[in-house]
Structure formats: C-alpha cells, structure tokens
Number of protein chains: 2
Amino acid sequence: MSMSTKPGERRRRPTIHDVARVAGVSRGTVSRVLNGGHYVSPAAADAVNSAIRKTGYVVNRHARSLITGRSGSVAFLLTEPQDKFFEDPNFNVLLRGCTEALAAHDIPLLLMLAGTPDEQRRIVRYVGSGHVDGVLLISSHAGSPVAEQLVRAGVPVVVCGTPQGTSERLAHVAADDRDGARTMVRHLLATGRRRIGIVTGPQDTPGGVERLAGYREVLAEAGLGYAPELVAAGDYSRDSGARATAELLARRPDLDALFVASDLMAQGALAALAEAGRRVPDDVAVGGFDDSAAAVAARPTLTTIRQPWDRISAEMVRLLMARIEGQDTSAVILPTELVRRDSA
Amino acid sequence: MSMSTKPGERRRRPTIHDVARVAGVSRGTVSRVLNGGHYVSPAAADAVNSAIRKTGYVVNRHARSLITGRSGSVAFLLTEPQDKFFEDPNFNVLLRGCTEALAAHDIPLLLMLAGTPDEQRRIVRYVGSGHVDGVLLISSHAGSPVAEQLVRAGVPVVVCGTPQGTSERLAHVAADDRDGARTMVRHLLATGRRRIGIVTGPQDTPGGVERLAGYREVLAEAGLGYAPELVAAGDYSRDSGARATAELLARRPDLDALFVASDLMAQGALAALAEAGRRVPDDVAVGGFDDSAAAVAARPTLTTIRQPWDRISAEMVRLLMARIEGQDTSAVILPTELVRRDSA
DNA sequence: CTGAAAGCGCTTACAG
DNA sequence: CTGAAAGCGCTTACAG
C-alpha cells in the first residue's frame with residue numbers, strides 16, 4: 001500500500017518540513033498552527049491543516065519536549081507490591097479520579113509499578129531523566145526513599161497520605177485520619193459500647209498510626225483508658241482483619257465493639273465474628289474506615305468513615321499541576337464523614 | 001543549598017557540555033562513556049565518570065530520543081474498564097510477567113488505561129507521537145479499533161489473545177483456547193459425565209468463542225450432540241458465573257457436569273451450586289479455565305486448564321522487542337494443560 | 001501575519 | 001582513542 005516499505009525498514013515519518021513544503025509556508029508558520037494558531041492568517045491555517053491531513057503528520061514529541069522541557073504526561077507511581085493495591089477498592093477509585101482530573105488538562109496518566117528496589121531504581125532513573133512532568137506518588141508506607149530521590153532529582157511530586165519522618169515537607173494530600181477515628185469511636189460510645197477493640201493498620205503507615213491515636217484520644221477523653229489487649233494490628237488485607245479479630249476475641253471474649261481501620265479488614269472481621277457466633281451489631285458493633293465498595297458489599301453493610309477520594313484525587317492533581325508550574329504548594333488535609341449503615 | 005533557586009524557577013540541569021568542561025574532554029567523549037564506554041581510554045572514562053558524579057548529571061532523554069528515535073520504554077495498554085482487569089487474577093500475573101521480562105532489557109513498563117473512547121483517543125495520540133517504542137495490548141474484546149490505529153501510526157504492537165476479524169494479521173500471543181476446552185470436556189466425559197453444561201465467556205471475545213467451539217467439537221465427537229439449553233453466557237466476572245449456573249440448573253436440573261470458561265466464573269458457579277444444594281464433584285463436576293489464584297482459593301479446589309501466563313508474557317515481550325528491531329514477527333500459540341484438583 | 005535563523009541537548013560518522 | 005561538526009525535529013524570539 002505504501003511505497004516500498006520493506007519489513008524491518010521503518011517508514012520515515014513526515015516532519016514539519018514536509019508539511020511546510022506541501023502547504024507552501026515556512027516551518028515557523030506550521031509550528032504556530034500546531035501551537036494554537038495565533039498570529040496565523042486563516043488562509044495559511046487552512047493550507048497547513050490540509051497539508052497535515054495530506055501528509056499524515058504527527059508531531060514528534062521528543063523534539064517538542066526538548067525545547068519546551070515538558071513531556072505532557074504525569075506518572076501515577078506505586079512503590080508497593082501491585083497485588084495489595086489491586087485488591088484494595090480505594091486504589092481503583094483514586095486511580096480513576098486522578099485519570100479524570102488529568103484528562104481535564106488533556107494529560108495522559110502513566111501508571112508505574114515499582115514494588116522492588118530494582119524496579120524503583122529503574123523508575124527513578126526514567127522519571128528523573130524527564131519523561132514525565134510530575135509524579136503522583138502512592139505508597140501506604142511512609143519511609144519510602146523514592147519520594148526524596150525524586151525530589152532531589154528536581155521532579156515535582158505530590159504524595160497521597162501524610163508522609164512521616166524527614167519527608168514531612170513533601171507536598172501531600174490526605175484525609176484527616178485522626179479526626180475520622182475520633183468520630184467513629186465517639187459513635188461507638190454513643191451507642192452504649194464500652195469494651196471497644198481496634199484492628200489497626202500497620203504501624204509504619206500514617207493511617208495505621210493516626211487512626212490508633214484518634215481511638216486512644218477518645219477513650220481517654222471518655223475516662224476509659226487504654227487497654228493493650230484490645231489492640232491488634234492488621235496489614236489492610238481482608239485476611240489480616242479476620243486474624244486480628246480472632247485474636248481479640250480470644251483475649252477479650254467480652255468485646256462489645258470493634259473499630260477496624262479499613263473496610264477491607266472489616267470484611268475479614270465480620271467473617272471472624274460470624275465464625276465465632278457473634279451477631280453484628282447486636283453482640284459486637286463494627287465500624288470500618290474508607291467507605292469503599294467493600295463497605296456496601298459487606299453483610300451487614302458497614303458503618304464507616306468516608307474518605308473523600310474524589311476530592312483527594314482532584315486536589316492531588318491540582319497541587320501537582322501547580323508544582324509543575326513552579327508554585328511552591330504544600331499540603332491539603334480533607335475532612336472525613338461518618339456514614340451510618342447496619343454494622344454499628 | 002544550591003545557588004539562588006527561587007521557588008518557581010527550575011534549576012538548570014547540567015548538560016553533557018558541563019560534564020565535558022569539568023572532565024576536560026569533548027562532548028563526544030562524554031557521550032561515548034554514556035553509551036557503553038567503547039573507544040574511550042580508561043583515564044578519560046574516569047575523568048568523565050567523576051565529572052558526572054560531581055555535576056549530578058542525568059541524561060536528557062528527550063534529546064537522546066530525538067536522535068535515536070527510541071524512547072526506551074514500552075506501554076502495557078488496557079482498552080477496557082479497569083475494574084474488570086484488576087478483579088482478574090490473570091491480569092496480575094500477566095502484568096508481573098511482562099514487567100519482569102522487560103526488566104531483563106532494562107526497559108520500564110508504562111501501564112496505560114484507556115477504557116473510554118476519550119481516553120483511547122488521548123492515549124493513541126500520545127503513543128503515536130513516539131513516547132513509547134511499542135505497545136503490549138491487553139483487551140479481552142477482539143474488535144477494538146485501538147490496535148489498528150496504533151499499527152497505522154507505525155507503532156509496534158503485540159496483542160494478548162487472538163485478534164478476530166480484519167485484524168488477524170496483528171502480532172499476537174495466545175494460549176490454545178480451543179484445545180484447552182477439548183481437553184477439559186474430554187476429561188469430564190472420562191469421569192462418566194454425560195449431561196455437561198457450559199458457562200461461556202462473552203461471544204465477542206476469542207476465549208468466549210473458542211472455548212465454546214472446543215466444547216461442541218468434543219460433544220459431537222462423542223456422539224452427544226449439542227443442546228442449546230446446556231449453554232449460558234457469562235462475562236468472566238464471578239457474579240456472572242453464579243447467574244449463568246443458576247440459569248442452567250433451572251433449565252436442566254439433571255446437569256452432571258459444568259465446564260466454566262474461567263476460574264473466576266467457576267467460583268461463582270460453585271457458589272450457585274452450593275446454594276442449590278448440589279455437591280461438587282459428586283452431583284456436579286466443575287471444570288474451570290486459567291489455573292489462576294482463584295482455582296486454588298475455590299472450595300473445592302478447581303480442576304482447570306492451565307494457561308501458561310509466564311510463557312505468554314515472555315513471548316509477548318520477545319515478539320515486541322523483535323518488532324521494535326524491525327523484524328516481521330507474527331503469532332505464537334502456546335499449549336495448555338489439564339490441572340486436576342478436587343472439583344472434577 | 002510571516003520567514004529566516006538560532007538553539008534545545010544529545011549522538012554519530014568523519015578525520016585524524 | 002579523540003575532537004570538531006553535522007544534524008535529529010521542533011519552538012520561539014527577532015525582524016520585517
């Protein structure tokens with residue numbers, strides 16, 4: 001169909017020069033049409049557009065990026081094992097939200113997975129050499145060195161969740177974990193519960209630490225004190241929620257409520273409670289966290305704390321775009337909300 | 001720490017020119033060190049390497065790509081709604097396999113999601129303008145126009161699964177679906193079953209069509225003929241497997257075996273059979289397809305057809321690399337294998 | 001509104 | 001082994 005393109009020989013793609021020749025204008029004029037058509041006569045614009053169609057011209061982004069210093073794309077970077085995220089319904093919502101927010105800027109999102117140190121090296125090098133304009137960094141664990149490496153390389157970065165330790169100055173967007181936890185525990189107290197256990201997230205994640213802190217604050221405030229045997233840790237997976245709950249029941253069979261630091265773990269908790277013959281919420285009230293798809297799918301449906309994922313993703317993109325433009329934006333903390341369903 | 005970098009003013013990154021100056025060599029020599037160090041004296045190489053460290057130099061990939069015509073990255077492109085894939089354990093395995101196979105070439109994988117026509121346009125434009133060297137295209141549905149658009153734009157593409165219709169000439173890698181189906185149905189026959197139903201995949205997907213075809217072939221070969229009321233369609237989701245199975249049971253309560261065209265749907269089928277009070281495999285034998293994590297997680301564990309995902313991903317990457325090098329590679333069909341567990 | 005020209009940061013024959 | 005030079009395909013002041 002095309003003239004003598006042997007297999008193995010890539011057809012030379014038309015350049016701006018070919019378009020200019022066909023249109024009978026200079027390359028500068030073609031470029032002006034390509035970049036918004038300002039300062040171009042209608043006649044010239046028409047000629048160029050039809051020449052573009054005739055030649056099948058597509059801009060060479062490497063050349064453009066070399067000059068503008070922009071790639072026109074943004075990375076959504078996961079620095080943890082992929083399975084964990086794909087299992088988590090929050091992740092889906094966040095990914096979709098960011099994709100949509102970027103689409104409004106006509107910017108494609110590139111999802112990058114860097115679960116192993118080896119992959120992290122590769123990705124940091126790739127990103128650091130300019131192939132994206134910025135990074136939306138998703139990592140449940142706080143101390144990841146990737147964020148700092150990227151920042152040091154001069155890449156605009158916005159983190160999802162509150163970074164801990166030295167990297168506190170990173171731009172980030174997060175829900176108010178501690179306040180959400182307080183709200184839930186107050187709700188459990190308000191329904192008359194007094195022996196309230198907690199299944200926490202990992203203690204090296206901000207959500208793990210903050211939600212536990214909120215729980216302790218409210219119990220102290222209610223004069224109930226802190227009982228270590230009412231605390232068990234999960235890793236945000238469904239199974240870990242079941243395991244931790246079984247543990248708590250063994251230690252404190254008189255448990256009358258459970259605050260579980262994620263909906264997915266709460267699903268596991270419900271399974272463990274059913275296995276142990278406890279009725280929810282009659283015997284044990286259960287409160288989750290996230291208001292993810294898992295909360296609605298659970299039986300009974302979960303009373304939970306809503307994280308505003310749509311706003312989180314929108315704010316992440318807004319902050320990142322601002323950083324890319326060179327503004328020195330910092331952090332956004334968003335409020336949570338109690339969602340009452342059947343479990344508490 | 002660095003000299004007068006006001007916020008909003010990006011620090012000028014060191015170029016090859018800076019490195020050359022510090023090292024006291026020409027830019028050509030720096031470039032040679034960067035590209036493998038051939039034809040460079042040890043002394044010059046040392047000087048360059050230490051100058052790179054001193055300046056914090058990182059190659060500008062746009063400039064490099066402009067010359068080499070290569071971006072050094074590959075896209076893993078999904079042209080369907082993301083949830084569907086993330087729910088599917090096969091997807092995880094395929095993604096990991098491709099990531100690893102590319103890592104051996106030191107090439108980062110860029111995951112791109114293009115579920116909506118709008119996103120597809122954006123991604124096709126982005127990819128077509130040269131930002132990746134090739135595309136691994138994942139789509140359960142056959143007729144996606146994305147593949148042809150990419151090929152027309154001159155982008156090397158390898159498809160997972162057998163493309164249907166006009167795009168048959170696309171390079172692709174697939175398991176032998178039809179033969180796998182034949183193997184499973186023969187196995188069910190060998191265990192004495194005679195009223196064998198099937199839950200198919202969507203009939204606009206190659207797996208949906210081919211696995212049904214294999215089922216029909218073996219039944220014909222066994223002289224059992226084809227009973228339309230033994231056939232129900234699912235969409236590869238767990239729920240659809242449950243629904244289709246309930247339907248079949250209503251139509252043919254005397255069913256004694258079920259071939260379900262994916263493990264995930266087979267999990268749904270098991271749930272529906274349990275609900276209907278049927279014992280598996282005593283009353284109804286169940287055969288799945290994929291040998292995914294779902295097969296081992298199911299109760300009873302699933303007898304299934306193993307798709308060699310590790311080989312599929314390895315072959316996809318191999319074909320794509322060959323295409324990128326300009327070779328005119330075509331298709332690879334890989335054999336499947338019966339895996340016996342408890343359900344049949 | 002338009003063209004000629006400089007230049008983005010690299011790689012790669014080409015001479016030596 | 002090394003340097004000077006051309007050139008990849010674009011954008012963008014600069015004159016007109």
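In what follows, chains are A, B, ... by sequence order, proteins preceding strands, each numbered from 1.
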d(CD1, A/I16; P, C/dA4) in whole Å:
14 Å
P-based separation of C/dG16 from C/dT12 [nearest Å]:
22 Å
For atom CZ of B/R64 and atom P of C/dC8, their distance in whole Å
19 Å
Within this structure, what is the CG-to-P distance between B/N60 and C/dC8, rounded to whole angstrom?
12 Å
Could you give the side-chain donor-acceptor pairs of residues 314-322 of chain A under 3.5 Å, partners two or more places apart or in another chain?
from	atom 1	to	atom 2	distance (Å)
A/E315	OE1	A/R318	NE	3.2
A/E315	OE1	A/R318	NH2	2.7

I need the CD1-P distance between A/I52 and D/dC10, as an integer number of Å.
10 Å
Using side-chain hydrogen bond (donor to acceptor under 3.5 Å, both in side chains) as the criterion, list what pairs up with A/D46, not counting sequence neighbours.
none
Residues that A/N49 engages under side-chain hydrogen bond (donor to acceptor under 3.5 Å, both in side chains), provided they are two or more places apart
none
OP1, OP2 of D/dG3 versus side-chain N and O of B/Y39: anything below 4.0 Å?
no
Do any side-chain nitrogens or oxygens of B/S65 fall under 4.0 Å of OP1 or OP2 in C/dC10?
no
Identify which nucleotide among D/dT2, D/dC10, C/dC1 has an atom closest to any side-chain atom of A/S41, counting heavy atoms from C-beta outward.
C/dC1
Polar pairs (N or O, both sides) under 3.5 Å between protein and nucleotides 12-15 of chain D?
from	atom 1	to	atom 2	distance (Å)
D/dA13	N6	A/R32	NH2	3.4

With a cut-off of less than 4.0 Å, is there a side-chain N or O of B/T15 near OP1 or OP2 of C/dC8?
no
Using the side chain to side chain contact (heavy atoms under 4.5 Å, CB included) criterion, which residues pair with A/A63? Sequence neighbours excluded.
A/N60, B/L66
How does DNA chain C look in dot-bracket notation if pairs are Watson-Crick or G-U with both distances under 3.5 Å, crossing ones as [ ], other-strand ones as |?
|||.||||||||.|||
Write down the distance between NE2 (B/H17) and C1' (C/dT11), rounded to a whole number of angstrom.
16 Å
Candidates D/dC8, D/dG3, D/dT11 - which lies nearest the side chain of B/L66:
D/dC8
Taking side chain to side chain contact (heavy atoms under 4.5 Å, CB included) as the definition, give me every residue that meets it alongside A/A44, ordered by chain and number, with sequence neighbours left out.
A/T29, A/V40, A/S41
With a 3.5 Å cut-off and sequence neighbours excluded, list the donor-acceptor pairs that the side chains of residues 94-102 of chain A form with protein atoms.
from	atom 1	to	atom 2	distance (Å)
A/R96	NH2	B/D83	OD1	3.4
A/R96	NH2	B/D83	OD2	3.1
A/T99	OG1	A/L95	O	2.8

Locate the shortest heavy-atom distance separating B/R61 from B/G72; write the atom from each residue and the value.
NH2-CA, 3.9 Å
Identify, with sequence neighbours excluded, every residue that meets side chain to side chain contact (heavy atoms under 4.5 Å, CB included) alongside B/T15.
B/R12, B/H17, B/D18
Would you measure the distance from the P atom in D/dG9 across to the matching atom in D/dA13 and give it in whole Å?
23 Å
To the nearest angstrom, how far is A/R70 atom CZ from D/dG9 atom P?
24 Å
DNA chain D contacts among residues 43-51 of chain B, heavy-atom distance under 4.0 Å:
B/A44
By side chain to side chain contact (heavy atoms under 4.5 Å, CB included) - contacts of B/A23 (at least two apart):
B/V25, B/A47, B/V48, B/A51
Does B/D133 use its side chain to pair, donor to acceptor, with the backbone of B/S71 at less than 3.5 Å?
yes
Throw together a table of side-chain donor-acceptor distances under 3.5 angstrom for residues 122-131 of chain A, partners on residues two or more places apart or in other chains.
from	atom 1	to	atom 2	distance (Å)
A/R122	NH1	B/D106	OD1	2.7
A/R122	NH2	A/D118	OD2	3.0
A/R125	NH1	B/D106	OD2	3.3
A/Y126	OH	B/S73	OG	2.9
A/S129	OG	A/R125	O	3.3
A/S129	OG	A/Y126	O	2.9

Point-to-point distance, once rounded to the nearest 0.5 Å, from CG of B/L111 to CG of B/L136
10.5 Å
Expressed as a whole number of angstroms, how long is the span from A/Y57:OH to D/dG9:P?
10 Å
Atom CG of A/D18 and atom C1' of D/dC8: how far apart are they, to the nearest Å?
14 Å
